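Convention: sequence-line order gives letters A, B, ...; per-chain numbering from 1. No hydrogens, no waters, no symmetry mates; every other heavy atom, side chains included, goes into these values. If you're wondering where the values come from, they're calculated on a predicted model, not measured in any experiment.
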2 protein chains.
Amino acid sequence: MSFEAAVHAQAIELDRLALEMCASAGSGHPTTASSLGHITTVLYFHTMRHSPELPDYPTADRLVLSEGHAVPIVYAAAATLGIHFGADPNNRRPMTVEDLATLREIDSALDGHPNPMEGMPMFDAATGSLGQGLSVAAGLAEAARLDGLDRRIFCIIGDGESREGQISEALDHIVDRGLTNVCPIFNCNQYGQAAKVSAQQSAERIAAKLAAYGYETITINGHEPAEIKKALDRYIEISGDPSATPVAIVAKTVKGWGTPSLQGGGWHGKPASGQHLENALAELAERRAELTSALSSTDSFTIQPPDAFESDGYTATADLPSFTEAMAARDMTSVVHTGRFATRRAYGVALQALGKANKDVVCLDADVSNSTFAIDFASDADLSGRFIECKIAEQNMVSVAAGLSAAGKIPFVSTFAKFLTRAYDQIEMAINSGANIKFVGSHAGISLASDGPSQMSLPDVAWFRSFATARDHRGNPACYVLQPADAYAAYALTEIMAEYEGACYMRTLRPDTEFLYSDDDVFNLGGFHQLAEGRDILLVASGYMVHEANKALEELDKAGVSAGLVDLYSLPFDEEKLLDVANASGGRILTLEDNYGAGFGSAVADALSASGDGFELAQMHVTRIPKSGRTPEAVLEYCGLSVKDVVGRCLEVLEVTTA
Amino acid sequence: MSFEAAVHAQAIELDRLALEMCASAGSGHPTTASSLGHITTVLYFHTMRHSPELPDYPTADRLVLSEGHAVPIVYAAAATLGIHFGADPNNRRPMTVEDLATLREIDSALDGHPNPMEGMPMFDAATGSLGQGLSVAAGLAEAARLDGLDRRIFCIIGDGESREGQISEALDHIVDRGLTNVCPIFNCNQYGQAAKVSAQQSAERIAAKLAAYGYETITINGHEPAEIKKALDRYIEISGDPSATPVAIVAKTVKGWGTPSLQGGGWHGKPASGQHLENALAELAERRAELTSALSSTDSFTIQPPDAFESDGYTATADLPSFTEAMAARDMTSVVHTGRFATRRAYGVALQALGKANKDVVCLDADVSNSTFAIDFASDADLSGRFIECKIAEQNMVSVAAGLSAAGKIPFVSTFAKFLTRAYDQIEMAINSGANIKFVGSHAGISLASDGPSQMSLPDVAWFRSFATARDHRGNPACYVLQPADAYAAYALTEIMAEYEGACYMRTLRPDTEFLYSDDDVFNLGGFHQLAEGRDILLVASGYMVHEANKALEELDKAGVSAGLVDLYSLPFDEEKLLDVANASGGRILTLEDNYGAGFGSAVADALSASGDGFELAQMHVTRIPKSGRTPEAVLEYCGLSVKDVVGRCLEVLEVTTA
């Protein structure tokens, strides 16, 4: 059988399977799926170098299905080829056509959208929230280049999806970084969900934009096997050369190809069932008769296996120097002697030391590395090859990190904590994907002061803490929230994040802060430190507020109040242990944070109220929208969080309870 | 004096003022500011039709400074022209050069980045988090078109900033919507923060992209007055014609223009002081001598006033029909009789009724209106002119809404609650701007079921709740979080949101839910409803979980447990009142939500722990990453939130406390 006929036959078979599985599930996107039947066939049955038995082989070519809701067509290909799947890496088996009927069942690995963590190692990241996959593909491509692997990363993006700004960010990134090993394929089936796509997302307009972005753009009929193959071959031709003009493919396709009764507006995300399904299957059968001469079989295709992977057996063994040693190595011992150093600066020191100790650590930043101090990594000649400048495009940066993580890197991603908000959807998808990314948000809270609230992170603790209340697929808190109060803590926690497998979010501060700890202090994910003991009341603070609390302790002492202080540097934290400390402190707690509520104080409230005991809790946090102020003290006062306010609130709590 | 010389003289003066004010503040971005001295001069002193005494006049042309950190140059212009400012609308005065020295002081309206709410009515929205202003400009332009106003909206965007995907989204939006009244001006000064901009953001590349996006692109020397004027005049020529090709200006500028000692990398965000400042001022003096023949004065310029505004005196007076009446008007009374109707569907019914009753209500959606039921508004012939389809681009959608709000509209913005995450940065900036936007996130929580977690909103309650713990500039909760449990509640809360001035976030659900309320039930921001009284324990639930709680009550009753039930449909809520109910329920509370923690239950924990009384609180929420399941029940069970789980937890709580 000719290649064309074989592809048509196989595509039609995949389309049929997609229709059937969505009917079985009672939901899904079969018409999107069938707009990709031919491209999926050519990729999985011909072009991609992969091995069905080894679904996450490190050198295998990859497909990132950015248009995640099209996944039924990829499941169909996997079932036909017997691609191994299963959540337990030691207990995988080939997918079968029978498995397809379990689509979207609660106990099925065939989730509604791709997710490797549900048992689909053929995927690298969870997709389904649109616009993210091209960045993931770029991250996989970055890793392949770092590792010297000839690996091709294909990415399918919907036309309606390409409206998402992150796609533009990824397109810029690929050109900037010479990631010619990425093959973006735009699936132009002309329909979004509620209506046809805008003229701005027509195949012609997308092609014109791609050319303006610097791509060699190939427009094809996405259902013509010869055209698909020719375009992919052209991509392959240049894909090994970082200096070549990158290729992008614009594929004109038909949503609901092969089944005219399911075409046009109105069938997005609708599974055909009953008579509709029968009609559609009959239509597909007609297509088969028209386009092929005999039943296809996978014998028509030969799948090239991936190159053999030779692991260099690397494991990071080097211990990090202590903070003092690291500072000495940079001739900064005099700075240590000042007794003050910003946590963002200490992060830079730690990151650089980490980069030298562990070659899997990579660093990404968004044009602010001289503020976040990722620059310490970026400007180190030994490390600069592992620094990825992502420019002012945080969404792309985070999903690139997800791709890097999937390829075995340990990405440290930094920008202002406020600007990480730009990428919260991407961060959540990364967490769902099991990504091992460390998010470091600098200039956290109001101590940023003079730039004002457009640069301050205020609801971020609440958002990340929400993940801390749930478990990820490994059974760990879905994200740790860390806020070192001094340079030693920042240094230690950076190392700890690298040793831990899972998502972490660390907040660093703009101003210099005094040292509270030393090289000998030990920090743990989930731990906290008690800095002072007191019988009357316990201050529980984090970050910048630990220092304000310290000053408050002095004032309280003068007023005859015995106050304890806990540095709550981690969420979640050891609740039982904190309750013990609270009990020993008169059962009165005052929490302090320079961000909006639902954060640290609320986490303490959760613990206290779950205990059932009679604690007294007062929370202090930012309760108004901040503004610029020339000093942290000015903004703290503006927000009612000055030392005076803290002392006053303590006395209030004590008056009430001793009344 | 010639126009050119006058512009140079004025620009140099503004540059000087920018340098001085940043020196005074000890922070700021003077070199960015001076890359815009000429453009700012031509805009404020010549091109824009505005009135310094009436800084927020409804017909005046506007500048949206997307590149917010350049604000010193705009403050300088305002001080020179005496543009009125001040937080109290009844107590404004002209800005003076003396005011400039207060930049970034805690009690100064001259915030580090533009914010109308800090007393700068010349601005429409807070900017400073990059990439958002062009969408705001588009929103202002949308409003102008709706109101039939000939209003020109200028927007300055940085070159490094244009990497942000939202800029691409806004560019598409402007073309799609024929918003030729927007004038995007790209400030290509070649430098970002940490380094020069990428080649992808060169003036040439930006111009090529703009052409591909469908713009007539004019590249100019951003310091040549004649070129600036000519480009702006061309924009003006086409700006009244929605069918014209939109114009965009690419201005090649110099960061630190006029002060060679402050040029090149390394001066971003650094105020010059001491000798550096003196050198720079001397350099500017040299520029003045070179480029102008005498001291300029604002007499050289004539500012055109805006067209007189004739208010139509409209105030919405029409009452909304009841839910029952609204359903009858749509021939859907039979549906009412089924006793079930999804809250997302009820939202559509309410929105349509609202649109008819209040012509200031506008509706925006992101290609999912047939899922969110914004389609009920969009497909109504009387209302479709006020529906803005934003396609798959949520960031742009939210900032467009901020622009619409600034122009007096009441935007209802909808998409899946999960996809609103894409726009959290923009939502926060809108809240900071005092925007009156109602965010409606559909398919909230895990009851979405089969699409899986890439479409489910899980940490959203925590994030929005964080704003609920703070006050906005009006003194109200910075955002209300609303979750109607049935159609009547959804209908009522939609109306209430429209009557309230300030940000609200409402979650709607995918599945049909039973009616709990009737037309006679009253809902309030900050209220809650007690659905059942009980002596032993109080269930506090929200949204879908209210229905699960109801089923649990039946089971508990059989087990001899007297359980109460509160529908906590609002955050914040009346804490004192809830504590009373809790006290009457044995002091034992079980909270129920189908999202991650730090949400509703945590809000209850905050209230209980603040009371100092001995309550027992158990929280049930999602504690693992969900997956697809074919029914809501399957996913609830997967997440430990089935009716059986709820009953079991109640009994646990009671056993513990009665032991």
Heavy-atom pairs under 4.5 Å with chain B are the metric here; pick the option from [options] that has the most.
options	value
A:S371, A:S369, A:G68	A:S371
A:G601, A:A199, A:S162, A:S108	A:S108
A:T623, A:I392, A:L617, A:V175	A:I392
A:T421, A:I625, A:V622	A:I625
A:A366, A:S24, A:A449	A:S24
A:L110, A:L210, A:N595, A:L103	A:L103

Under 4.5 Å from any heavy atom of chain A - which part of [X]:
X	result
B:E637	neither
B:V197	backbone
B:A195	both
B:P626	backbone
B:V635	both
B:S27	side chain
B:Q619	side chain
B:E118	side chain
B:F615	backbone
B:L458	both
B:A610	both
B:I167	neither
B:T127	backbone
B:H621	side chain

Out of [options], which one racks up the most heavy-atom pairs below 4.5 Å with chain A?
options	result
B:L608, B:L130, B:N115	B:L130
B:G192, B:G112, B:S628	B:S628
B:S168, B:G26, B:G614	B:S168
B:A470, B:G452, B:S454	B:S454
B:D172, B:N432, B:V604	B:D172
B:G269, B:G214, B:S611	B:G214

- Can you tell me if A:S450 and A:R630 form a side-chain donor-acceptor pair at under 3.5 Å?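 There is no such pair (donor and acceptor under 3.5 Å, judged by atom type) between the side chains of A:S450 and A:R630.
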- Task: Consider only side-chain N and O atoms of A:Q201 and A:E161, and report whether a donor and an acceptor are under 3.5 Å apart.
- Result: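 Side-chain D/A pair, A:Q201 to A:E161: absent.
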Which answer fits [X], side chain, backbone, both or neither, if we ask what part of it has an atom under 4.5 Å from a heavy atom of chain B?
X	answer
A:H173	both
A:S457	neither
A:H268	neither
A:A170	neither
A:E105	both
A:V368	both

- Relative to each other, are the rings of A:W463 and A:F467 parallel, tilted or perpendicular (30° and 60° limits)?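 The rings of A:W463 and A:F467 stand perpendicular, inter-plane angle above 60°.
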Between [X] and [Y], is any pair of side-chain heavy atoms under 4.5 Å apart?
X	Y	value
A:I427	A:F464	yes
A:I106	B:T631	no
B:K209	A:K209	no
B:H113	A:D451	yes
B:E164	A:R422	yes
B:Q193	A:N370	yes
A:I589	A:T591	yes

In plain terms, say whether [X] and [Y] are close enough for a salt bridge, that is, a side-chain N and a carboxylate O under 4.0 Å apart.
X	Y	value
A:D472	B:R624	no
A:D460	A:R465	no
A:R177	A:E389	no
A:K391	A:E169	no
B:K418	A:E428	yes
A:R163	B:D176	yes

- Message: Determine whether B:N396 and B:Q132 satisfy the following criterion, side-chain hydrogen bond (donor to acceptor under 3.5 Å, both in side chains), listing intermediate values before the conclusion.
- Response: CA-CA 7 Å; B:N396 175 71; B:Q132 304 188 20; over 6 Å; no
- Message: I'd like to know whether A:I431 forms a side-chain contact (heavy atoms from CB on, under 4.5 Å) with A:C479, so could you lay out the CA-CA distance, the side-chain angles of the two residues, the decisive distance to 0.1 Å, and finally the verdict.
- Response: CA-CA 8 Å; A:I431 289 174; A:C479 192; 4.0 Å; yes
